[in-house]
*Asks:* 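The following block contains the structure, expressed as structure tokens.
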Amino acid sequence: MLKRGSRSKQLFGIHSFRIPALVSSVTLILLVLILFSRDGDKKPMPVPAHLKQRWNRFDSLVQFRPVVEFRNGTDLISQIPDSPKAVLFIAHGCNGRAINFWDRSPTCQQCVGLPEERLLVLEGLSRKFAVLTVSSMGRCWTMGEERVIVRDIIRWWIGKNKLEKLPLVALGASSGGYFVSALATNLRFSSIVLMIAEGMFDQMDVPEDYPPTLFVHMPKDTYRQQKIDEFMPVLKSKGIDVAAVECVEFPLSVSTFAERIPGVEENVSAKLFELFRSKGFVDANGYMKSDGRKTRWKKALQENKNVLLDRQLVNHVQEELNLAFAYHEMTSLQSEEIFKWFESHMS
Ligand SMILES: *[C@@H]1O[C@H](CO)[C@@H](O)[C@H](O)[C@H]1NC(C)=O
Ligand SMILES: *[C@@H]1O[C@H](CO)[C@@H](O)[C@H](O)[C@H]1NC(C)=O
């Protein structure tokens, strides 16, 4: 969980086996504490340990070698690790595509590799999940025939790759979350994760064998928070295992963009951060003042000839700004909780 009070637990819990990372994280937290203690107005805020996990932390474990296919008028991009233990289907949000989940590589020249999407896939592959991503037919997912088409695509892909014996799990974000919540009545998932989406539970009959459901949500979005608070007891009353993980805002720093986005150098990251600070987009402690989508940072960037951000990385920066504000964005920061959910509901 990314709650303010529980960050030190995160640091010493799941990543304590990485001693050098731990030592540098502790040093960094001390530095941050010292810096922030002079500011006064907002509480000192240690940088969460998982933000110190760089974009390339899987380099020695997995490489992107996805297979791109077309079927039923859409594209599917997938990768199967050696000895897979489960199949993970991921549904993107509105305006998303399968190409966002995979870095550009010889087998996928058009792939985009958005920072959070790519880390979710890498986490899955490194834990021996075969990962399947499919693009929606339109801008967002639709709840009618598209469910049947995607159900058939998943079954076909599993059959073709002879993975029928493995547990099947699903993660959907935003529009993809609503889609997965409904698709779970068409396909047998061992468990599902609904990210920044409350699901369609007020519009469907939830069967008692509905899969265990984890909500990964951003409580700043109070509408969805209330819906999740409303749906969880309903699911529980039917004997369905449910839980929620909250994602909260975090401060940006000079190195955030270099740490999270492949292709952003430290110097460009620092200049971006300084630009955002000088324009008042972030406060004295590095917190975004509004959602990234509502912040006119692209205009500020255009007007500033000093910050040479690769134009192809604008959406990547946008995603991190939205994530830091923590209102509505894809997140890989809760990967540990997400994959523990899948792994603990596989029988
Ligand atoms: C999807 O494509 C396959 C092969 O092209 C076809 O047999 C199947 O009927 C299609 N499914 C739907 C729902 O259109
Ligand atoms: C940033 O640093 C790299 C080397 O690390 C250098 O090649 C590049 O020109 C620098 N970019 C800017 C905008 O200063």
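Predicted model, so just to flag it, every value in this text is computed and none were measured. Order of listing sets the numbers, starting from 1, for every ligand and every atom in it. Note: hydrogens, waters and symmetry copies are ignored here, and every other heavy atom, side chains too, is used.
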*Asks:* How about atom 7 (O) of ligand 2: does it have a protein heavy atom within less than 4.0 Å?
*Replies:*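 It does not: no protein heavy atom is found less than 4.0 Å away from atom 7 (O) of ligand 2.
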*Asks:* Could you list the atoms of ligand 1 found under 4.0 angstrom from a heavy atom of Arg71?
*Replies:*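 Contacts of ligand 1 toward Arg71, numbered from 1: 3 (C), 4 (C).
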*Asks:* Would you mind reporting whether Glu69 and Ser78 have side-chain heavy atoms less than 4.5 Å apart?
*Replies:*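 Result yes, sub-4.5 Å side-chain heavy-atom pair found.
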*Asks:* At what distance is the nearest protein heavy atom to atom 2 (O) of ligand 2, and which residue and atom is it?
*Replies:* Asn267 ND2, 2.3 Å
*Asks:* For ligand 1, which atoms have a heavy atom of Asn72 less than 4.0 angstrom away?
*Replies:* 1 (C), 2 (O), 3 (C), 8 (C), 10 (C), 11 (N), 12 (C), 14 (O)
*Asks:* Out of curiosity, Leu88 CG to Phe189 CZ, how far, rounded to the nearest 0.5 Å?
*Replies:*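 Between atom CG of Leu88 and atom CZ of Phe189 there are 9.5 Å.
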*Asks:* If the test is side-chain contact (heavy atoms from CB on, under 4.5 Å), which one of Asn100, Ile77, Leu120 qualifies with Thr133?
*Replies:*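 One option only clears the test, and that one is Ile77.
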*Asks:* Mind checking the CD-OG spacing from Glu116 to Ser335? Nearest 0.5 Å is all I need.
*Replies:* 8.0 Å
*Asks:* Just to confirm my output: which protein heavy-atom neighbour is closest to atom 13 (C) of ligand 1, and how far is it?
*Replies:*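 Protein heavy atom with the smallest distance to atom 13 (C) of ligand 1: Ile149 CG1, 3.7 Å.
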*Asks:* Can Phe101 be reached from Phe70 by stepping across I, L, V, M, F, W or Y side chains whose heavy atoms are under 4.5 Å apart?
*Replies:*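 Yes, same cluster.
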*Asks:* What is the nearest protein non-hydrogen atom to atom 5 (O) of ligand 2, stated with its residue, atom name and distance?
*Replies:*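 Going atom by atom, the protein heavy atom closest to atom 5 (O) of ligand 2 ends up being Glu265 OE1, 3.6 Å.
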